[in-house]
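The structure under discussion appears below in the form of structure tokens.
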Amino acid sequence: MDWDEVSAEWVSRFRRNVRRWYSRCGRDLPWVGERDPYVVWVREIMLQQTTVKAVVPYLDRFLERFPTVESLASAEVADVLRVWEGLGYYSRARNLRLAAKMIVGEWGGQWRETAKELQTLPGVGPYTAGAIASFAFGQSAAIVEANTARFYARLLALTDDLHSGEGRRQLWSLAERIVPRDRPGEFNQALIDLGATVCGVTPQCQECPVRRSCRSLELGEVERIPVRASRQKMTDVFEVLVVIRRGHHLLLIQHPEGKRWGGMWGFPALSREKDQAKDGIDERMVESQVADWGCDVECDEWLGEIRHTVTRFRLHLQPVIATLRSGCWAGPVDAEWVAVDDLASRPFSVAERRVAKRVEHIVRQYGASM
Ligand code: SF4
């Protein structure tokens, strides 16, 4: 079907059916009707690649800590990352803060209302801009996110990869054609809800209010669409995390911006050979590599391996507690001695927080006698 030529009658029937369905079956989300652009923006950034259920407590905590765009703009990046900790994709939290600074500093605290202007903010792409413009400002702005992309693809019987240039063009072309001038935010929410529930991973076509407009159903291709792009291959990464300890203090490094977990705190890492179990790791080699960073240490205690997946990397982290005998840090990244009691105040990735908690427990239990 060529959506550029779809009739006005088709569009108005489609909109009518979607609205009717939404008034009966729309999800009872805690933010339905929310029109504060700041709240809409933070929520939509959090919802990317995270479930509604997981987002609710994070959103509450975030808004309690940073209730206004001004409070976020003046916050320290470490404080923002600490509240974001556990959600992953930490560049989003850093971009939120940068965008808040831009809204306050360059826009004088006044929001722009069109999707085009909103897209000039760091970290705000076409979807987030369309969501803020339609939900908060009632602009007739289109949206395409994971749920609507799957739904539109089936409506169109789209056989292109949804992330390809042509796939995206077709999805956005349909989204722009169907978004109304009247209550566009409510209509967009209805589309998201339809995509999340009725046209989910397992589509419920019998309950679908727009089944008569669905090309995939007509062609008997529902099971095949959307066409899955070939999965990205996972790469295994093996590292030793060296927890350098001096009494009740641990040496924490700050991961550099642009690198894995940029801006978060953690532990110096050494590469290790694939499949090298802890018994096979040469302690002298670890100590000599740490000596290159200026610290003379002695490996004391090996902790259990931690496995964690970040994007397409499967991390195998082998932590070791190493006592500092002499020297001071001269490694390639910023580092600080932090008291075990203060670890909770620093932002960590989920994996390194697990390491920190184990070490904290051990140091409290055995103290300086280790
Ligand atoms: Fe999705 Fe089925 Fe509705 Fe088509 S008819 S839009 S496949 S739920």
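Nothing fancy with the numbering, it's 1 onward along the sequence. Numbering of ligands and ligand atoms starts at 1, following listing order.
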Exercise. Any idea which atoms of ligand 1 are less than 4.0 Å away from a heavy-atom of Phe151?
Worked result: 6 (S)
Problem set entry | Ring geometry between Trp293 and Trp329 (parallel below 30°, tilted from 30 to 60°, perpendicular above 60°) | tilted
Exercise. Atoms of ligand 1 less than 4.0 Å from Arg211 heavy atoms?
Worked result: 5 (S)
For this session: Write out the residue and atom name of the closest protein heavy atom to atom 2 (Fe) of ligand 1, then the distance separating them to 0.1 Å.
Result: Cys205 SG, 2.3 Å
Seminar exercise, completed: Quick note on ligand 1: atoms under 4.0 Å from a heavy atom of Arg154 include exactly 7 (S)
For this session: Flag this pair as yes if the NZ/CZ of Arg43 is under 6.0 angstrom from the six-membered ring centre of Phe135 and inside a 45 degree cone about the axis; otherwise no.
Result: yes
Exercise. How far apart are the C-alpha atoms of Tyr127 and Glu44, what are their side-chain angles, what is the distance that settles it, and do they pass the side chain to side chain contact (heavy atoms under 4.5 Å, CB included) test?
Worked result: CA-CA 9 Å; Tyr127 166 71; Glu44 293 302 328; 2.6 Å; yes
Exercise. Within Cys214, is some N, O or S atom less than 2.8 Å away from atom 2 (Fe) of ligand 1?
Worked result: no
Exercise. Under 30°, 30 to 60°, or over 60°: which ring-plane class applies to Trp107 and Trp111, parallel, tilted or perpendicular?
Worked result: perpendicular
Problem set entry | Validation row: Gln189, Arg27 side chains within 4.5 angstrom (heavy atoms) | yes
For this session: Name the option, out of Ser213, Gly195, Cys199, that contains the heavy atom nearest to atom 1 (Fe) of ligand 1.
Result: Cys199
Exercise. Relative to the ring of His316, is the ring of Phe238 parallel (under 30°), tilted (30 to 60°) or perpendicular (over 60°)?
Worked result: parallel
Exercise. Under 4.0 Å from any heavy atom of Cys208, which atoms of ligand 1 are there?
Worked result: 3 (Fe), 5 (S), 6 (S), 8 (S)
